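Take a look at the structure below.
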Amino acid sequence: MDDLNEQYEQVPAPLHCHGKVPPLMARPLAVRRALSNLLDNAVRHGGGGELGLREEGDQVLIEVSDRGPGLAAELLDQVLQPYVQAPDAAQGGWGLGLAIAHQVAQAHGGHLSLHAREGGGLTVRMALPRGMCPT
């Protein structure tokens, strides 16, 4: 997480982090890539965001939330597929960030879901099981 902090210190958009979890048995580069993709999306589409970490039962929950335009309900599952973007998405991406994060979560035995935020914006929730390291 320290290297992610350093990466986003230079970003002019506000990013806030709250919560803490014990070390997770995971592929660190894959999880870092997924988090980086989610945070990049929050900055690009939401002008900044929040990273929340917490434990829930036998899972670690990672939530990245923003106050951007959000997504229409019918797009929430579609944008998890490679090369799919919202029709009004900011330019500069390929439509791979959410798909990669989704695949990383699945490779770890977890899942990724998108949720509209009350008041506007989006929350991306990645749930990863504790104690399972992918092969």
Side-chain angles (χ1 to χ4, degrees):
M1 291 298 290
D2 290 336
D3 56 336
L4 276 177
N5 279 336
E6 289 176 19
Q7 177 181 340
Y8 289 97
E9 277 180 350
Q10 306 304 317
V11 175
L15 287 170
H16 304 284
C17 181
H18 55 86
K20 192 170 185 172
V21 294
L24 179 67
M25 289 190 63
R27 289 184 168 154
L29 293 178
V31 172
R32 183 190 186 289
R33 171 78 184 268
L35 285 176
S36 183
N37 288 347
L38 299 179
L39 291 169
D40 286 350
N41 280 352
V43 169
R44 180 180 292 126
H45 302 291
E50 294 178 37
L51 170 63
L53 305 169
R54 64 187 163 99
E55 289 182 88
E56 191 171 281
D58 63 348
Q59 295 185 323
V60 170
L61 295 183
I62 302 166
E63 293 182 332
V64 176
S65 301
D66 66 50
R67 286 291 181 193
L71 290 170
E74 62 271 10
L75 292 175
L76 292 177
D77 288 330
Q78 292 177 27
V79 295
L80 297 178
Q81 301 304 312
Y83 305 108
V84 176
Q85 292 182 305
D88 57 350
Q91 298 300 314
W94 290 90
L96 292 172
L98 289 172
I100 290 169
H102 185 234
Q103 290 171 352
V104 168
Q106 288 180 326
H108 284 80
H111 63 276
L112 186 120
S113 56
L114 308 179
H115 308 271
R117 288 185 78 183
E118 196 169 310
L122 189 70
T123 294
V124 181
R125 184 174 298 130
M126 180 185 285
L128 300 175
R130 288 187 318 171
M132 179 193 160
C133 192
T135 57

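Please read all numbers here as calculations on a predicted model, not as lab measurements.
- Looking only at side-chain heavy atoms (C-beta outward), L51 and L15 stay at 4.5 Å or farther from each other.
- Listed by first then second residue, pairs satisfying side-chain hydrogen bond (donor to acceptor under 3.5 Å, both in side chains) with a partner in residues 61-82 read R54-E63, E63-R125, S65-T123, not counting sequence neighbours.
- In terms of the side-chain hydrogen bond (donor to acceptor under 3.5 Å, both in side chains) criterion, H16 has no residue partners (sequence neighbours excluded).
- How far CG of L76 is from NE2 of H115: 8.5 Å, rounded to the nearest 0.5 Å.
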Run V21 and I62 through side chain to side chain contact (heavy atoms under 4.5 Å, CB included) and show every step you take. CA-CA 10 Å; V21 294; I62 302 166; over 6 Å; no
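- Taking hydrophobic clusters as Ile, Leu, Val, Met, Phe, Trp and Tyr residues chained together by side-chain heavy-atom distances below 4.5 Å, L61 does not share a cluster with V31.
- A26 and P28 make their closest contact through O-CD, 3.0 Å (heavy atoms, listed as atom of the first residue, atom of the second, distance).
- Contact between L122 and A116 at its shortest, heavy atoms only, is CD1-N, 4.3 Å.
- Note: L96 CG to Q103 CD = 9.0 Å, rounded to the nearest 0.5 Å.
- The only member of L80, N37, L112, L38 that meets side-chain contact (heavy atoms from CB on, under 4.5 Å) when paired with I100 is N37.
- A donor-acceptor contact shorter than 3.5 Å links the side chain of H108 to the backbone of R27.
- In terms of heavy-atom proximity, V79 sits nearest to A86 at CG1-N, 4.2 Å.
- One distance of note links CG of L24 with CG of L128; it measures 5.5 Å at 0.5 Å rounding.
- A42 approaches G49 most closely through the heavy-atom pair CB-CA, 4.4 Å.
- Looking only at atom types and distance, the side chain of H111 has no donor-acceptor partner in the side chain of S113 under 3.5 Å away.
- To the nearest 0.5 Å, the span separating CE on M126 from CG on L53 amounts to 11.5 Å.
- L75 and W94 fall within a single hydrophobic cluster, where Ile, Leu, Val, Met, Phe, Trp and Tyr are joined by side-chain heavy atoms under 4.5 Å apart, directly or via other members.
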